[in-house]
Amino acid sequence: QVQLVESGGGLVQPGGSLILSCAASGIDFSIYGMTWYRQAPGKQREFVGTINTRSRPYYKDSVKGRFTISRDNAKNTVSLQMNSLKPEDTAVYYCNVANTPYWGQGTQVTVSS
């Protein structure tokens with residue numbers, strides 16, 4: 001059974017940082033790309049960034065230079081380092097095994113003073 005568990009969300013002030021983690025089990029983690037999405041209140045879920053099997057990341061334009069995705073195949077985890085956070089980054093963040101129906105439960109990130 002595939003399971004993805006996100007952690008690390010919370011409340012942070014504008015300009016602050018958070019690190020989200022996603023722990024995967026039940027899959028051969030190293031052969032899959034991993035993707036982060038987010039969904040703000042009243043909006044559709046949107047792509048944030050992805051990391052391929054060679055650990056090459058790709059990002060949504062609005063987070064380039066602020067967010068960093070990394071993966072640890074030994075620990076079956078993917079991380080999202082978020083710096084210089086803005087109120088518009090407020091959303092529930094989800095990890096996804098790329099091109100599969102496997103999703104985590106989401107973790108709330110709130111950027112507010």
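Everything numeric here is computed off the predicted structure, so don't read it as measured data.
Applying the side chain to side chain donor-acceptor pair (under 3.5 Å) rule to pairs touching residues 17-26 yields Ser17-Asn83, sequence neighbours excluded.
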Requested in this report: Could you give me the CA-CA distance, side-chain angles and deciding distance for Lys60 and Glu46, then say whether side-chain contact (heavy atoms from CB on, under 4.5 Å) is met?
Outcome: CA-CA 9 Å; Lys60 172 182 174 67; Glu46 65 175 6; 3.3 Å; yes

Report task. Might you work through the side-chain contact (heavy atoms from CB on, under 4.5 Å) test for Leu18 and Leu85, ending with a clear yes or no? Result -> CA-CA 8 Å; Leu18 279 176; Leu85 282 161; 4.2 Å; yes

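Shown here is Asp28, whose CG atom has more than 12 heavy atoms of other residues, nucleotides or ligands within 6.0 Å. Enclosure of atom CD in Glu88 by more than 12 non-hydrogen atoms of other residues, nucleotides or ligands within 6.0 angstrom is indicated.
Here the closest heavy-atom approach between residue Val48 and residue Val63 is recorded as O-CG2, 3.7 Å. What you find for Thr90 and Gln108 is that their closest heavy atoms are CG2-NE2, 4.0 Å. Phe47 and Tyr59 make their closest contact through CE2-C, 4.0 Å (heavy atoms, listed as atom of the first residue, atom of the second, distance). For the pair Gly9 and Thr107, the tightest heavy-atom approach, listed with the atom from each and the gap, is N-OG1, 3.2 Å. For the pair Tyr94 and Glu6, the tightest heavy-atom approach, listed with the atom from each and the gap, is CA-OE2, 3.2 Å. In plain terms, the two heavy atoms of Pro57 and Ile69 that are nearest each other are CB-O, 4.2 Å.
The distance from atom OG1 of Thr100 to atom CD1 of Ile27, rounded to the nearest 0.5 Å, is 7.0 Å. Atom OG of Ser84 is separated from atom CZ of Phe67 by 9.0 Å, given to the nearest 0.5 angstrom. The line from CD of Gln81 to CZ of Arg66 is 12.0 Å long, rounded to the nearest 0.5 Å. Annotation: the span from Leu20 atom CG to Cys95 atom SG amounts to 9.5 Å, rounded to 0.5 Å.
Less than 6.0 angstrom separates the ring centroid of Trp103 from the ring centroid of Tyr37.
Remark: Arg71 fails to qualify as a cation-pi partner of Tyr32 under the 6.0 Å distance and 45° angle criteria applied to the six-membered ring.
At least one donor-acceptor pair under 3.5 Å links the side chain of Asn96 to the backbone N or O of Tyr102. Distance alone, capped at 3.5 Å, is enough to place a donor-acceptor pair between the Thr50 side chain and the Met34 backbone.
A heavy-atom distance below 4.5 Å is not found between the side chains of Ile19 and Leu80. In this structure the side chain of Pro87 never reaches within 4.5 angstrom of the side chain of Ser112, judged on heavy atoms.
Salt bridge absent: Asp89 and Lys86 never bring a charged side-chain N and a carboxylate O closer than 4.0 Å.
Applying the salt bridge (charged side-chain N to carboxylate O under 4.0 Å, His left out) rule to Lys75 yields no partners; only residues at least two apart in sequence or on another chain are considered.
At a threshold of 4.5 Å between side-chain heavy atoms, the hydrophobic network of Ile, Leu, Val, Met, Phe, Trp and Tyr places Leu4 and Ile31 in one connected group. Taking hydrophobic clusters as Ile, Leu, Val, Met, Phe, Trp and Tyr residues chained together by side-chain heavy-atom distances below 4.5 Å, Val92 does not share a cluster with Met82.
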